[in-house]
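Here's the structure we're looking at; comments come further down.
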Amino acid sequence: MIHFNIAPYTGDELEYIKQAVDNHKICGDGKFTEKCSQWFKSSFKLNNAYLTTSCTHALEIAALLCNINPGDEVIMPSYTFVSTADAFVRLGAKIVFVDVRPDTMNINEKLIEPAITKKTKVIVPVHYAGVSCEMETINKIAKKYNLMVVEDAAQGVMSTYRSKPLGTLGHFGCYSFHETKNYSMGEGGAIVFNDMRYRDSVEIIREKGTDRSKFFRGQIDKYTWVDYGSSYLPSDINAAYLWPQLLIADKINKNRLDTWNFYYKTLKPLQDEGRIHLPVVPRYCTHNAHMFYIKTKDLSERTALINYLKKYDIQAVFHYVPLHSSPAGKKFGRFFDEDIFTTKESDRLLRLPMYYNISNNDREFVVQKILDFYK
Ligand SMILES: *Cc1c(COP(=O)(O)O)cnc(C)c1O
């Protein structure tokens with residue numbers, strides 16, 4: 001069986017987990033949590049980075065800090081994971097879904113400004129497949145209308161836009177370390193940001209509404225309940241699993257890119273014949289090979305290809321029923337203007353097996369079977 005995804009594993013995880021256990025520090029904010037957050041701060045030149053229990057929770061913290069009130073509008077693509085919307089819907093926001101660009105499957109930045117109303121508060125660019133949205137345009141619009149920008153960079157760790165790491169371009173960046181992501185701790189995430197004015201609030205929300213983080217830094221002599229919050233700290237055991245991957249983050253990135261480039265090169269003839277479409281990476285973006293997808297002619301061709309690959313024990317998957325067509329999406333959101341590409345392009349998209357250290361044999365077999373299918 002050629003799996004679609006296998007969680008990243010360096011071989012050193014158990015040693016670090018043992019250290020966490022031996023330290024008798026398995027709750028949140030232990031040694032490994034500290035190492036991981038320092039890594040993000042120094043690698044991505046960030047003032048603040050906090051591990052969370054998921055990217056969903058990082059988005060929830062960001063939504064709270066955007067001060068969402070019932071009826072506020074949040075602009076995002078419909079082609080995304082549910083959490084992008086859910087984090088804002090919990091606070092009463094209305095979601096305004098904007099169509100994607102067919103080349104990157106990212107939000108079409110040209111449609112954002114027309115979608116803005118008096119109620120708009122936040123724009124959420126989702127960097128699909130680790131390829132950046134058009135952040136210069138998005139930030140310019142946000143500035144003009146005084147909106148917040150929350151980057152859903154769940155898939156974008158180690159990618160850049162005009163040389164800047166994804167997640168560092170908006171007011172808040174949210175990462176995921178779920179098992180399906182490039183760097184993983186099973187379940188986990190991070191919220192990152194530069195503006196120091198948000199630091200106390202993020203720490204309080206993350207620590208059950210208390211000022212415990214200040215207490216641990218010795219800035220106050222006892223801690224207390226100061227505001228609303230929840231429990232968004234991951235166990236240090238999970239952080240210990242993530243740590244060795246960060247130590248070889250470049251190696252993992254190169255390894256994935258090698259597979260991505262292999263798929264691209266070997267499937268290019270099919271694109272040249274007009275049979276399929278391959279992903280597009282804009283010139284000023286570097287990506288992290290979070291996924292490799294192809295686009296078939298239409299939905300029925302995709303179904304036939306999935307079934308063909310299944311016969312050879314190859315798992316190829318698609319995802320995201322566009323949120324605006326889901327029951328909750330209909331209840332909590334509306335599609336701005338016309339759905340020209342979101343549904344049509346998502347129906348054609350198929351993701352190929354992609355993970356750290358996939359073997360040459362396996363990826364060659366995947367390509368061979370796709371070529372056979374189109375023969
Ligand atoms: C994976 C993912 C999430 C959710 O991440 P979790 O860590 O599982 O909460 C959110 N948005 C996007 C675009 C994702 O790919």
Side-chain angles (χ1 to χ4, degrees), residues 4-5 7-8 28 33 36 40 49-64 74-90 95 97-98 100-101 104-107 122-133 135 138 149-159 161 166-167 169-170 172-192 206 230-235 238-239 241-242 245 256 279 287-293 317-324 326 328-329 333 342 346 349 351 354-355:
F4 164 68
N5 173 65
T33 305
C36 293
F40 284 103
Y50 292 90
L51 290 195
T52 56
T53 27
S54 65
C55 179
T56 304
H57 285 166
L59 288 161
E60 286 182 9
I61 296 172
L64 282 167
V74 178
I75 292 176
M76 65 180 65
S78 170
Y79 188 63
T80 183
F81 189 63
V82 290
S83 302
T84 319
D86 224 355
F88 294 90
V89 162
R90 290 170 71 246
I95 308 299
F97 297 113
V98 165
V100 290
R101 302 161 37 147
T104 56
M105 299 303 282
N106 282 331
I107 191 166
V122 187
I123 306 171
V124 189
V126 179
H127 305 300
Y128 184 70
V131 176
S132 183
C133 297
M135 291 307 293
I138 291 170
V149 175
V150 175
E151 291 178 78
D152 183 337
Q155 307 176 5
V157 178
M158 294 289 279
S159 297
Y161 171 81
L166 299 193
L169 297 139
F172 298 105
C174 301
Y175 297 143
S176 174
F177 307 121
H178 183 260
E179 130 176 338
T180 51
K181 301 303 199 292
N182 292 25
Y183 305 92
S184 179
M185 51 198 275
E187 300 277 357
I191 181 164
V192 303
R206 187 170 163 272
S230 189
S231 182
Y232 289 129
L233 297 76
S235 160
N238 295 59
Y241 188 95
L242 177 64
Q245 295 163 41
R256 297 185 73 108
H287 72 107
N288 60 0
H290 172 63
M291 69 173 88
F292 193 92
Y293 63 82
V317 303
F318 60 88
H319 62 167
Y320 302 154
V321 173
L323 297 184
H324 73 284
S326 68
T342 300
S346 66
L349 190 143
R351 305 169 65 187
M354 163 63 85
Y355 50 87

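Just follow the structure's listing: the first ligand is 1, and inside any ligand the first atom is 1. What you see below is based on every heavy atom in this structure, not just the backbone, and it leaves out hydrogens, waters and symmetry mates. Keep in mind it's a predicted model, so treat the numbers as computed, not measured. For reference, positions follow the sequence shown, starting with 1.
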Does Phe177 reach ligand 1 with a nitrogen or oxygen that is under 3.5 Å from one of the ligand's nitrogen or oxygen atoms?
no
Tyr128 and Tyr293 aromatic ring geometry - parallel, tilted or perpendicular at 30°/60° bounds
tilted
Would you sort out whether Thr342 and His324 count as a side-chain contact (heavy atoms from CB on, under 4.5 Å), showing the intermediate values?
CA-CA 10 Å; Thr342 300; His324 73 284; 4.3 Å; yes
Can you find an N or O of Ser83 that's nearer than 3.5 Å to an N or O of ligand 1?
no
For ligand 1, is there an N or O atom under 3.5 Å from any N or O atom of Asp152?
yes
Return yes when atom CZ of Phe318 has more than 12 non-hydrogen atoms of other residues, nucleotides or ligands closer than 6.0 Å, and no otherwise.
no
For a 4.5 angstrom cut-off between non-hydrogen side-chain atoms, does Val126 reach Tyr79?
no
With heavy atoms and a 4.0 Å threshold, my read on which part of Tyr320 contacts ligand 1 is side chain
I need the minimum non-hydrogen distance between Leu323 and Ala85, along with the two atoms involved.
CD1-CB, 4.0 Å
Report the part of His57 (side chain from C-beta onward, or backbone N, CA, C, O) that has a heavy atom under 4.0 Å from ligand 1; answer both or neither where that applies.
neither
Counting heavy atoms under 4.0 Å, the part of Ser54 that contacts ligand 1 is both
Any side-chain heavy-atom pair from Val149 and Met135 closer than 4.5 angstrom?
yes
Just let me know how Thr56 lines up against ligand 1, side chain, backbone, both or neither, with a heavy-atom cut-off below 4.0 Å.
both
Taking only non-hydrogen atoms of His127, do any sit less than 4.0 angstrom from ligand 1?
no
